[in-house]
Amino acid sequence: MKKIYSLLLFCFAWQLCLAQTNLPPGAYTSTNKKAIKLFEESKKLFSMRNDDEAEKKIIAAIKEDPNFAEANSAYADFLMMKNKPKQAIDYYKQAILIAPKFMTDNNYYLGQAYKAEAQYENAKLSFQNFLKFERISPTLKVDAEKEVKNADFAINLVKNPKPFKPINVGPGINTENGEYFPAISADGKQFMFTRAIPRKDIVGAFNEDFYMSYKEKNVWQAAFPLTDINSYGNEGAPTLSADGNIMFFASCSDEFGDYGGQDRKGFGSCDIFYSVKVNGRWSKPRNGGNLINSKNWETQPSFSSDGKTLYFIKGYTGRGPAAKDVDIYMSEIGEDGKFKQPVKLNENVNSSGEEESVFIHADNMTLYFASNGLPGLGGTDLFMSKRQPNGDWGPAVNLGYPINSAKNENSLLVDPAGNLAYFASEREGGYGDLDIYQFELPEDVRPEKITYVKGKIYNSKTKEPLEATFELFDLDKQEKVTQSFSQKNGEFFVTLTSNKNYMVNVSKEGYAFYSDNFILKNKIADFTKPYVLDIPLQPIDTGSVIELKNVFFDVNKWDLKAESKVELNKLVNFLTKNPSLKIEVGGHTDSDGDKKANLTLSNNRAKSVVEYLVNEGKIGAARLSYKGYGDTKPKVKNDTPENKAKNRRTEFRVISK
């Protein structure tokens, strides 16, 4: 509606309304001199921005002559500008009834008023009536044709409502102040949001600060301010990394160019900043850099669970409602730790209108956002798009009625489990101002199922917690999907999307790497049953034995499967970084079958690994040896299928440093 309101403002300024008539310049449909005088006085008062007095004069003009078409039309425009479409409808109808063949644009604006009141059948009829006229604005003609299609779309949505029962999240988060722009960690236990606190020094002014709440026994506890981040300026639209240890947020400059402190510098009207949690405290916020930030408007960030991709809103002129070309962009963090050049998302997501409130779910496959340029119910509607196999974003799906309405909807957040959605609303029954609500998300617009891996990385000998690099690879695609780091206490957190097979690799200088896998193909991930790993890293030492859990062979064969390459390339990197190491690759089987055959099989499998390291990895053959052990060195008893699987393995042993 923002574009329409600007046209209405132009119309009420008397440069458009009279141009639509077939009357001589200066002539009106009314001959009542008193009504015309009041109307002219209203024009003057409005040009002086004295809206209250202007409204009184135009009402008086209409009362003096109810058949004054220009006055009825102009007052309807005024009411639309004041966001009162319900009252505007009668005045547009009266103007059309009085003068049906001139000021034809009134039919278009009547359609907009009906649309704002969710009267979609009437809106469609009004837009169709407008299109019947020959001499109409080409721009409005294109918009009206689009609005007819939108009306059909809205009528269908209303006929097929979605289940929607919003529930207030409770007093732990909501107060008499405004709470909005929620963010949640991937384990669903940390909830961050923006709260607007009235300022004591300026009446009617607010200071926006961040608050955090933790969930205990399924109840959000009393929220507390993030004093490490909050400033005398405004902070808003936070997003958390999957582990809850990195936060991105938007900060906008005031009229003096201040972003909330001398140490918080920006490039333009609104910039994206970030902070890292270190030993339980948030670091001093830093600007995201001049690739994602510019002299224009960047805001509403959403950080993906892969730990390397930031989605955000970019506008090119002004900020907020005044911004133009407002679209969704994404930028990846490169190997140097810096953001790359942002990329605009495709036309399935970005429209000719404005997009806002982007949110990437923890599945890293489902994008939620608001738009006023895609078919919807009016204002900004909420949409969902799924990542396609080729990496592009698929067609936007409207979340439906009554989740969407004729008013503006935005700031949607979906919990990691994919069942609950959160949003801010001023609806009745709350604690005051904007409150945060939750509702059960319909099945057809839910994200992919996920689970997660958490645990602790430590020195296998001293038990000391370690800061290490944690990488997750898609085994089928042979590509890295997530990179994260354990904290000083050794703890880490990574999400897993269902129906994929993953390899995990943990590495730290001076230690042998650790590998594991999660086979989720053709399985449904269960968010209530996360994987918990204790990962002991072995200091590089003679005699250390490391299992290669992601080296795969077909039954009774020794040809390396393609999925093994990621693991073996990690071994190549390890040997390259430690050029003095010599290792023996060992093959092992379970106790089933002929012992001699098992010995041969295990030896050939170990040999295949060494050949890969030499031929593909360019590791000198003098540093490598191999041996097959058959079933002579089991890890566990060969008494169950599960234990036998553990005994079928490939390892390497450090022979010398």
Side-chain angles (χ1 to χ4, degrees), residues 181 183 192 194 208 210 229 231 233-242 245-253 257-261 263-277 282-320 322-346 349-350 354-362 364 367-371 385 387 391-393 410-411 413 482-485:
F181 276 132
M192 186 185 293
T194 306
E208 294 177 307
F210 290 146
I229 300 294
S231 70
N234 290 329
E235 292 78 31
T239 179
L240 292 168
S241 61
N245 290 317
I246 303 175
M247 171 177 44
F248 290 88
F249 66 95
S251 183
C252 299
S253 63
D258 193 347
Y259 284 77
D263 57 350
R264 195 179 293 182
K265 304 295 184 181
F267 294 95
S269 57
C270 290
D271 276 10
I272 294 171
F273 291 78
Y274 70 93
S275 177
V276 179
K277 189 185 290 184
W282 291 101
S283 67
K284 182 176 72 175
R286 299 182 63 181
N287 193 286
N290 62 1
L291 282 182
I292 61 171
N293 291 318
S294 69
K295 64 181 180 180
N296 298 302
W297 185 63
E298 290 83 24
T299 188
Q300 300 170 8
S302 184
F303 195 47
S304 69
S305 60
D306 66 8
K308 63 180 182 181
T309 311
L310 186 72
Y311 297 82
F312 60 98
I313 303 299
K314 178 186 283 287
Y316 281 101
T317 58
R319 68 183 182 191
K324 303 298 180 186
D325 297 324
V326 181
D327 290 310
I328 301 171
Y329 283 73
M330 59 81 70
S331 176
E332 289 187 341
I333 299 175
E335 295 297 329
D336 59 357
K338 297 180 180 179
F339 281 106
K340 298 178 182 178
Q341 187 70 38
V343 177
K344 184 177 175 180
L345 270 57
N346 66 22
V349 172
N350 287 315
E354 298 171 10
E355 280 65 48
E356 58 185 50
S357 301
V358 61
F359 169 72
I360 180 70
H361 187 261
N364 202 28
L367 197 75
Y368 295 92
F369 61 98
S371 174
S385 175
R387 193 190 301 276
D392 287 340
W393 291 104
N410 55 30
S411 304
L413 168 75
T482 299
Q483 178 171 309
S484 186
F485 304 90

### Query
Is there a side-chain contact between Ile292 and Leu310 (heavy atoms, below 4.5 Å)?
yes

### Summary
Nearest heavy-atom approach of Ala362 to Ser305 is O-OG, 2.7 Å

### Message
Measuring from atom CG of Asn293 to atom CZ of Phe339, what distance do you get when rounded to the nearest 0.5 angstrom?
### Response
9.0 Å

#### Entry: Shortest non-hydrogen separation from Gln300 to Ala250 and the atoms involved
N-CB, 4.1 Å

### Query
Minimum heavy-atom separation for Tyr311 to Ser304, with atom names?
CE1-CB, 4.2 Å

### Task
Could you tell me whether a side-chain N or O of Ser275 sits under 3.5 Å from a main-chain N or O of Ser283, the two making a donor and an acceptor?
yes

### Message
As a test of understanding, state which of Glu355, Glu356, Lys344 forms a side-chain contact (heavy atoms from CB on, under 4.5 Å) with Ile328.
### Response
Glu355

#### Entry: Straight-line distance of Leu367 CG to Ile360 CD1, nearest 0.5 Å
5.0 Å

### Task
In sequence, state the C-alpha distance, the side-chain angles, and the governing distance for Ile313 and Trp297, and then conclude on side chain to side chain contact (heavy atoms under 4.5 Å, CB included).
CA-CA 8 Å; Ile313 303 299; Trp297 185 63; 4.0 Å; yes

### Message
Would you say the rings of Phe210 and Phe249 are close, in the sense that their centroids are separated by under 6.0 Å?
### Response
yes

### Message
Please check if the number of heavy atoms outside Gln341 that lie under 6.0 Å from its CD is greater than 12.
### Response
yes

### Query
Is a side-chain donor or acceptor of Asp327 paired with a backbone partner of Asn350 at a separation under 3.5 angstrom?
no

### Message
Testing the basics here: between Ser294 and Asp271, what is the closest heavy-atom pair and its distance to 0.1 Å?
### Response
O-OD1, 3.7 Å

### Query
Which is it for Lys295 and Phe267 under the side chain to side chain contact (heavy atoms under 4.5 Å, CB included) test, yes or no, and what are the steps along the way?
CA-CA 5 Å; Lys295 64 181 180 180; Phe267 294 95; 5.9 Å; no

### Query
Is there a side chain to side chain contact (heavy atoms under 4.5 Å, CB included) between Arg286 and Tyr274 once you walk through the steps?
CA-CA 5 Å; Arg286 299 182 63 181; Tyr274 70 93; 3.8 Å; yes

### Query
Any sub-3.5 Å donor-acceptor pair from Arg387's side-chain atoms to Asn364's backbone N or O?
yes

## Note on the structure
Distance col, row Ile333:CD1 vs Lys340:NZ, nearest 0.5 angstrom, shows 10.5 Å

### Message
Between Ser357 (side chain only) and Ser411 (backbone N and O only), is there a donor and an acceptor less than 3.5 Å apart?
### Response
yes

### Query
Does a donor on one side chain and an acceptor on the other come within less than 3.5 Å for Thr194 and Glu208?
no

### Query
Looking at OG of Ser241 and NZ of Lys308, how far apart are the two atoms once the value is rounded to the nearest 0.5 Å?
15.5 Å

### Message
When you compare the side chain of Ile229 with that of Pro285, does any pair of heavy atoms fall below 4.5 Å?
### Response
yes

### Query
How far apart are the closest heavy atoms of Leu345 and Tyr329, and which atoms are they?
CD1-C, 3.9 Å

## Note on the structure
Note: Phe312 and Pro301 closest approach over all heavy atoms is CB-CA, 4.0 Å

### Query
Which value, rounded to the nearest 0.5 Å, describes the distance between Leu413 atom CG and Phe359 atom CZ?
4.5 Å

### Task
Would you please name every residue forming a salt bridge (Lys or Arg N to Asp or Glu O under 4.0 Å) with Glu298, sequence neighbours left out?
Lys314

### Task
Mind checking ring-ring contact (aromatic ring centres under 6.0 Å, His included) for Phe303 and listing every partner two or more places apart, or none if nothing turns up?
Phe248

## Note on the structure
Here the gap from Met330 atom CE to Thr309 atom OG1, rounded to the nearest 0.5 Å, amounts to 5.0 Å

### Task
Could you pull out all residues at least two apart from Lys338 that satisfy salt bridge (Lys or Arg N to Asp or Glu O under 4.0 Å)?
none

### Residues Asn346, Asp392; criterion side chain to side chain donor-acceptor pair (under 3.5 Å); working and verdict
CA-CA 7 Å; Asn346 66 22; Asp392 287 340; 4.8 Å; no

